[in-house]
Amino acid sequence: MQPLTETEVRASLINCSAEEAAQLNLPSWFHDAPWDDLDYLGWIDPKAERRAYIIADGGLVGIRLRVPHQPAAARRTTMCALCLTTRPGGGVSLMAAPRAGDAAARLNTIGTYVCNDLACSLYIRGMRSPGRGIPARETIDVRGSVLRLRANLAAFLSRVVGEEVTTARGT
Ligand SMILES: [Zn+2]
């Protein structure tokens with residue numbers, strides 16, 4: 001994805017107030033982010049572990065999500081709805097994104113299962129391991145996985161925004 005500035009990240013958020021966007025904390029690795037290997041910028045607020053953020057490539061749409069108190073049952077194996085990586089031990093959580101719009105709209109949320117560390121891009125590229133006990137990956141190639149991740153993210157963001165969102169250059 002194209003590198004983003006801190007100002008662009010804060011300005012991209014469409015489902016929280018400007019004040020909340022101004023208060024978010026960027027990840028420690030923000031200035032070293034592996035942009036070339038990311039399909040979206042995702043992180044947990046380092047000072048507020050119940051808050052997560054996803055910033056899409058291209059249209060600069062960003063959302064804030066709520067992280068559940070309890071991770072998914074630790075023994076269960078769950079699939080991320082964005083990258084379709086299957087992860088054991090609570091590695092995937094059901095996060096909830098307030099709908100875009102005014103404060104009233106934001107009382108409604110859209111949920112999705114997503115990798116706890118929001119590192120989907122690294123899993124599909126084999127740059128991070130999803131954990132022990134996982135069978136060999138399906139045979140789709142990385143390019144296919146990237147397109148699928150971007151499509152799944154666009155579909156999720158479209159539900160949050162309430163209109164169609166495209167997230168990638170040329171897709
Ligand atoms: Zn994922």
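Indexing begins at 1, ligand by ligand and atom by atom, following the structure's order. Below, all heavy atoms of this structure are taken into account, side chains as well, without hydrogens, waters or symmetry copies. Along the sequence shown, the residues carry numbers beginning at 1.
With salt bridges taken as basic N to acidic carboxylate O contacts below 4.0 Å, one links D39 and R125.
Looking only at side-chain heavy atoms (C-beta outward), Y53 and V9 stay at 4.5 Å or farther from each other. Side-chain contact between E20 and L24: absent, with no pair of heavy atoms (C-beta onward) separated by less than 4.5 Å. The side-chain heavy atoms of C115 and R87, taken from C-beta on, include a pair separated by under 4.5 Å.
Taking the salt bridge (Lys or Arg N to Asp or Glu O under 4.0 Å) definition, one finds that R106 meets it with nothing, sequence neighbours left out.
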**Request:** Evaluate the salt bridge (charged side-chain N to carboxylate O under 4.0 Å, His left out) criterion for residues D45 and R64: first the C-alpha distance (whole Å), next the side-chain angles of each, then the deciding distance (0.1 Å), finally the verdict.
**Result:** CA-CA 10 Å; D45 192 311; R64 188 167 92 158; over 6 Å; no
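Listed by chain and residue number, the protein N/O/S atoms under 2.8 Å of the Zn ion (ligand 1) are C80 SG, C83 SG, C115 SG, C120 SG, with waters left out.
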